[in-house]
Amino acid sequence: MKKKEILVLPAIQNLKEIAEGLSSQLNITKAKYSQVEFQFNNGYANVKVAGKDFKDFDYAWVSSFWKTRDLAYAIKIYLDHHQVKHTFIEQSTSKITDQLIFALNGINTPNSFYIETKEITPHLDTIDRICGYPLIVKDIRGMRGDSSKLSECKACLLECIQKLPRHRRFQFQSFIPNDYDWGIMVANGKVVSAEKSYHSLTGFLNNACNGSKEVFVDVAEVPEDIKQMAIKASKALNLTWSRADILIDKRDQKAYLLEVNRSPGTTSKSTEITGARSFLKNIVKDT
């Protein structure tokens, strides 16, 4: 009989004693969260632990702490997608869980890499292979570009990491050259507002709070593929009210979903106001 491949993450105390007498039935892999890698490369997602893909296990015994709960939930999403049985894992989200959901739903996102460790030197070659340079270092729970940094090379990245807050957690993401990105507001599965955000000449962030210029566009003028990407992303996260930030690569006009904002700001005297108003009208009608 073929042995069952069992993952224990993180390894619990006295595991050897617990597994005593089961060696003929089980191959047990003990792992740490610092060994878990999230790789998003050319539209595909792979989640690995200690060099082995999670989908190759027969069962995953996953526990979590407050700090790693979002990673555990991202692992659950991946295990469910590949029909790998596992222990109960409660929901907790971050940019990692969102990007994994997008990738598994066929929504294009920038190439990215994440690992739960501050010591990235052993992973520099993987980061280079997946993300290339320049790349963006992003806080996985950040907002409005908070703590996002641009690194032009490996040496720049190592220097950047040393200056970042030690209590925060960061992912690495390919930098996509762009002139603007779309902000597409979706309410109840319908696009209700759209804007283009042009970054300032002195920065790379397209957030209004960081000096970008907002230009509102009639929804009818938004390319259909952009609208459908925003709607699909909203549905993938089971949201009824959100805004998708979609970046356009200026080299080939390819669209990349950056993130979905659950609490988007609304600009006065814009279509965001009328969009939010129509959302409220639907609530009144359906209540």
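All values derive from a computational prediction rather than experimental measurement.
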Expected output: side-chain Arg262 to main-chain Leu239 donor-acceptor under 3.5 Å: no
4.5 Å side-chain heavy-atom contact, Asn41 and Asn46: no
Note: Asp225-Lys254 ion pair, threshold 4.0 Å (strictly below): no
Exam field: side chain Ser112 to backbone Pro110, donor-acceptor pair closer than 3.5 Å: yes
Pairs flagged by ring-ring contact (aromatic ring centres under 6.0 Å, His included) wherever residues 60-90 is involved - sequence neighbours left out: Tyr78-His82
Side chain proximity check, Asp139 to Gln171, heavy atoms < 4.5 angstrom: no
Where Ile96 and Ala74 come nearest, the two heavy atoms and their spacing: CG2-CB, 4.3 Å
Heavy-atom side-chain proximity of Met229 to Lys232 below 4.5 angstrom: no
Non-hydrogen side-chain atoms of Val215 and Tyr198 separated by less than 4.5 Å: yes
Glu90 (side chain) donor-acceptor with Ser92 (main chain) under 3.5 angstrom: no
Under 3.5 Å donor-acceptor, Asp128 side chain and Leu124 backbone: no
OG on Ser174 to CD1 on Ile127, rounded to 0.5 Å: 11.0 Å
Smallest separation among heavy atoms of Arg243 and Pro264, with atom names: CB-CB, 3.6 Å
Interatomic distance, Ile115 atom CD1 to Ile120 atom CD1 [nearest 0.5 angstrom]: 10.5 Å
Between CD1 on residue Ile246 and OH on residue Tyr180, distance to nearest 0.5 Å: 11.0 Å
Close side-chain approach of Lys95 to Glu259, heavy-atom, < 4.5 Å: yes
Contact summary for Val260 and Asp98, nearest pair of heavy atoms: O-OD2, 4.5 Å
Donor-acceptor contact present, side-chain Asp181 to main-chain Asp245, <3.5 Å: no
Which atom of Ile231 lies closest to which atom of Val186, heavy atoms considered: N-CG2, 4.2 Å
Glu5-Asn27 side chain donor-acceptor pair, cut-off 3.5 Å: yes
Polar side chain donor-acceptor pair, Glu195 to Ser193, under 3.5 angstrom: no
Asn42 side, atom CG; Asn108 side, atom CG - distance, nearest 0.5 Å: 9.0 Å
Heavy-atom closest pair, residues Val49 and Ala31: CG2-CB, 3.3 Å
Backbone of Lys250 reached by a side-chain donor or acceptor of Asn178 within 3.5 Å: no
Donor-acceptor pair between Glu272 and Thr266 side chains, under 3.5 angstrom: no
Donor-acceptor contact below 3.5 Å, side chain Gln35 vs main chain Lys32: yes
Short side-chain to backbone donor-acceptor contact, Arg168 and Lys138, under 3.5 Å: no
Euclidean distance, Asn261 CG relative to Met185 CE, rounded to 0.5 Å: 8.5 Å
Donor-acceptor side-chain pairing of Ser94 and Arg141 below 3.5 angstrom: no
Heavy-atom side-chain contact between Gln91 and Ile77 under 4.5 Å: no
Rounded distance [0.5 Å steps], NZ in Lys149 versus CZ in Phe170: 9.0 Å
Result of checking Phe38, Phe40, Phe172 against Phe113 for side-chain contact (heavy atoms from CB on, under 4.5 Å): Phe172
Pair Lys48-Asp56, salt bridge (charged side-chain N to carboxylate O under 4.0 Å, His left out): steps then yes or no: CA-CA 10 Å; Lys48 299 180 178 181; Asp56 295 330; over 6 Å; no
Donor-acceptor contact present, side-chain Asp53 to main-chain Lys55, <3.5 Å: yes
Minimum heavy-atom distance Ile248-Ala255, with the two atoms named: CD1-CB, 3.9 Å
Face-on cation placement of Lys85 at Tyr59 ring, 6.0 Å and 45° thresholds: no
Test item: Val8 and Thr29 side chains (from C-beta on) under 4.5 Å apart, heavy atoms: no
Stepwise side-chain contact (heavy atoms from CB on, under 4.5 Å) check, Ile89 with Ser64: CA-CA 8 Å; Ile89 302 170; Ser64 64; 5.7 Å; no
ring-ring contact (aromatic ring centres under 6.0 Å, His included) pairs, two or more places apart, involving residues 217-265: Trp241-Phe279
